[in-house]
**Q** 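Here you go, one structure.
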Amino acid sequence: MKQQWKTDELIDQWTLTHEEVTLVRNISQIDYNRLGYGLLLKYFQREGKFPLRKQDIPRLIVEHIAQQLHLHNNVFDDYRWKGRTIERHRSHIRRFLRVRMGTITDAKIVLTWLFTHDQLLEEHNLDRLKEVVYERYKELKIEPPEPKRIERLIHSAVRTADERLHKKILERLTPETQEKLDALLNENIPSGNTSLLFDLKCEAGAATLNNVLSEITKLERIRALSLHPDLFSDISRKRILWCKQRIAVEDLSEIRRHPAPVRYTLLSAFCYQREQEITDTLIELLITLIHKIGARAKRIVEKEFIKDIRKVRGKNKLLYEVAEASIEKPDGTVKEVIYPVASEQTLRDLVQEFKSGGSYEQKVQTIMRGSYSHHYRRMVPFILKTLLFCASNETSKPIIAALDLMRKYADKTMVSYPETEKVPLDNVVPDDWLEAVKQGKRVNRINYELCALKVLREKLRCKEIYVKGAARYRNPDEDLPMDFNAKRTEYYADLNKPFSADEFIEIQKKEMLEALEIFDTDMPKNQKVEFIKRNGKSWIKVTPFDPQPEPKNLASLKAEVGRRWSQLYLLDMLKEADLRIGFTTLFKSPTPHEILPREILQIRLLLCLFGLGTNAGIKRVASGSQTESYRDLLYIRNRFINRDGLRAAIAAVANAVLRERMVSIWGEATSLASDSKKFGAWDQNLMTEWHIRYRGPGIMVYWHVEKKSLCIYSQIKRCSSSEVAAMIEGVLRHCTDMQVEKDYVDSHGQDETAFAFCYMLDFELLPRLKGIGRQKLYRSEAGNPKAYPNLQPILSRPINWELIRKHYDEIVKYTTALKLGTADAEAILSRFMKNKVKHPAFQAVLELGKVRKTIFLCEYLNSEILRQEIGEGLNVIENWNSANDFIWYGKGGEIAVNNREYQERAILALHL
């Protein structure tokens, strides 16, 4: 049960009725028995079962029910959890609620009913299955059996569901496909790897031509298996990922020993998932290489220009003298005015020098052409043959036609396309490339291909072009909930938004008008904010905060902490937390059986987590242990430690901290601060990028830290990827009991899209804006341009409410997709952030974002307390980053692996 409860939730779900209050008061004359009975009664009404321990009942609920009974909540400590009294209370509650105890027959009935939940059984989601079973017993008004019997019931259902799944998949596979799947397990293949399966497990390296060709070979090998596209159409993605994870950790000998139905199901699921992953990898390699061609050309040209500036002298002086002479005699002829300053021969030499070198753009195009034609062009025929590109709108169809044209002439050696060939130029060739592409009546093939690939890159990034068979780059319509039309009313209610667009807009208008009026009224009294002119434009000037005085007891507190815990061992902290919480029990092997005793497994898990989380590595940890070898720890790391287990352990620790906090001291945990930090990493992979600001190759880790320094979510991302998407992903996907109402971010974690979706998802976005001076406020109405006289310097155009009204339903649809997780937040938001030709629906989202940002800016500029609150929240995450540096001390703080899964595992271990 969650530990954090809002006041309205306590009132709705934990308030005793008049009849129940009378019942509790008559049950006993002893205060702690009354309170204990009342808590058991309300707990059973809500959960359908009795609590196993006193600790299962949150402290807030104890306080709430104690207040209703006019008792002190501390008397609950005296309530005896074993004995005749509690048994009598339980029996009395069963009679009052008309509930009976469960039998073996009831368990069989529930088991039969459980088979109707195929998806949960296939996913092996044991926690959710427990919830479903308890809900079913509650519906039947039957008290469920003890937890161990519930677990046996669920495991029996899961085994039966697995057998049915294996049989179903086996029936769908042809004998030829089964034979090809077995061939993946053959050893001593010519490539030098252990097996073809091992080759398919390997990730792509850095963005190079050879790696592109290698990934194409893998993809062709999987497609040669002839797996039917609908083989897993009715199987959940979680189940497919579970099968893939199991194949990833098992040796060849283990896989061969599986019965045929199990072996073929696991192998086909692995290949099915890897086909999508490799397709995505190929697209990312293509996007990176296209960017690499242009970026490399620009670097070379810039270096040449710098050399020219240093080598050629006198050009700037000559330009100055020519300009001065021209200004003095504007009506004179060139011979009379210019030639006395710069001779005709000097000017001819300058013209010839420029023509031989060309302009900046011409030089870049020449180098790009050479790099592409001599090296990278070899990959184009293979990519066009392997990937099927599709357009998601009309404006992208010329690119598809251009790719078809490139595919048609891929094996030809001609320099230009035939004059009779219809070559699409609009929306394919930019204006600055037109001269290089169109040479008379002919179109140069190499230059045309470069233009088409550059535009293809941009279209892929914003999903205007998608690829069949991909996961991340799939049809963008598949990112949205397919049942939205059927469940529209439910989705609106889940978001707590009005069904009528007019009603929604009236709410926005009212809030916007109030914010603008309050800010306009208070502006003359605002001593910290003023509007000034900078470079002839209006500028918002905000006075920095005055330093806050240091709390008087802070020095004493630090001294006492240092005296009590002058030296702490990180491994001891990890061990003690596990002894209290038991988070190591959450690490499960994807295989169905665990042979190692849990006591040995616990020790090895803690050692592995310590080695990963400090970046020291398990080899160094094993060298300091007298009982555990490196091979033992390596086995545990590969078999038991994965992303899901680490996230579950992090959530368990975070929930334990929230459970122990006294709200009267710590306050309710409702505010987050979000920010990213760069970690150095090896660069032979697609995740690592060069960071422009921090310099050097690395990855970004995006943290979500509660205002009292409890981190509830972390994720790795590329240096160039969106922080807005990472921010929304963390708020929606954290698995703790915390209910997020506010999120403090810096300038990189906000934009108008973020303001719109955060409002729709019902939490406040509170950014610290670096460019506050340039911000503008939008008007609510177009009526009176002189309204809000004190805000005139920073007012902009009125909001286009009609645009929001027309596309309100689509805004709700995209928000629902984010909340349900039908696709990654970055995959959905990329359509809004990287799309230069905006779709009206995307424009509507931006317009709503302008409304919410205007409301925020009015409050932000009008309230120093709010600005201070945001600054304090972000200071917390800066301190968190300092603590990370202290814990992550191994290998110079660099992630010394190229595998993305290993990188994510290391960062999650650091988080834990």
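Residue numbers count from 1 along this sequence.
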**Q** In plain terms, say whether E514 and K509 are close enough for a salt bridge, that is, a side-chain N and a carboxylate O under 4.0 Å apart.
**A** no
**Q** Quiz question: by atom type and distance under 3.5 Å, do the side chains of E464 and S392 form a donor-acceptor pair?
**A**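 Short answer, no.
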**Q** Indicate yes or no for a side-chain donor-acceptor contact from R59 to the backbone of M662 under 3.5 Å, with no hydrogens or angles considered.
**A** no
**Q** Tell me if the CD atom of E435 is crowded by more than 12 foreign heavy atoms within 6.0 Å.
**A** no
**Q** Test the R488-F499 pair against the cation-pi criterion, namely NZ or CZ under 6.0 angstrom from the six-membered ring centroid and within 45° of the ring axis.
**A** no
**Q** Charged N to carboxylate O below 4.0 Å: is that the case for R718 and E723?
**A**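 E723 and R718: not salt-bridged.
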**Q** Please determine which of V724, L765, L848, T815 meets the side-chain contact (heavy atoms from CB on, under 4.5 Å) test together with F757.
**A** T815
**Q** Salt bridge between K528 and D546, side-chain N to carboxylate O under 4.0 Å?
**A**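 Between D546 and K528 there is a salt bridge, with a charged N closer than 4.0 Å to a carboxylate O.
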**Q** Return yes if a side-chain donor-acceptor contact under 3.5 Å exists between Q715 and R733, otherwise no.
**A**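 No pair is found: no donor N or O on one side chain lies under 3.5 Å from an acceptor on the other.
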**Q** Assign the ring pair H704 / Y713 to parallel, tilted or perpendicular, where the plane angle (0 to 90°) is split at 30° and 60°.
**A** perpendicular
**Q** So, D522 side chain and K525 main chain: donor-acceptor pair closer than 3.5 Å or not?
**A** no
**Q** For a quick check under 3.5 Å, do D502 and S500 share a side-chain donor-acceptor pair by atom type?
**A** no
**Q** Where the side chain of T670 meets the backbone of E741, is there a donor-acceptor pair that is under 3.5 Å apart?
**A** no
**Q** Between K853 and Y860, is NZ or CZ placed under 6.0 angstrom from the six-membered ring centre and within 45° of the ring axis?
**A** no
**Q** Where the side chain of S714 meets the backbone of H911, is there a donor-acceptor pair that is under 3.5 Å apart?
**A**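 Such a contact is absent between S714 side chain and H911 backbone.
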**Q** Examine distances only and state if a side-chain atom of Q868 and a backbone atom of F545 form a donor-acceptor pair shorter than 3.5 Å.
**A** no
**Q** Indicate yes or no: does K770 engage D746 in a salt bridge with an N to O separation below 4.0 Å.
**A** no
**Q** Between D483 and Y491, does any side-chain donor sit less than 3.5 Å from a side-chain acceptor?
**A** yes
**Q** So, D743 versus S674: side-chain donor-acceptor pair below 3.5 Å or not?
**A** yes
**Q** Going by atom types only, do D885 and S882 share a side-chain donor-acceptor pair under 3.5 Å?
**A**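 Checked: D885/S882 side chains show no N/O donor-acceptor pair below 3.5 Å.
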**Q** Would you check if there is a donor-acceptor pair between the side chains of S722 and E826 at a distance under 3.5 Å?
**A** no
**Q** Answer yes or no: does atom CZ of R774 have more than 12 heavy-atom neighbours from other residues, nucleotides or ligands under 6.0 Å?
**A**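 It does not: R774 CZ has 12 such atoms or fewer within range.
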**Q** Please determine if R805 and E802 form a salt bridge, counting it only when a charged side-chain N lies under 4.0 Å from a carboxylate O.
**A**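 A salt bridge is present here (some side-chain N lies under 4.0 Å from a carboxylate O).
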**Q** Is the NZ or CZ atom of R474 both under 6.0 Å from the centre of the six-membered ring of Y466 and within 45° of that ring's axis?
**A**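 R474 over Y466 ring: no.
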**Q** On a heavy-atom basis, which atom in A673 and which in G873 lie closest, and how many Å separate them?
**A** CB-O, 3.1 Å
**Q** May I ask you to say whether E706 pairs ionically with R661, meaning some side-chain N is under 4.0 Å from a carboxylate O?
**A** yes
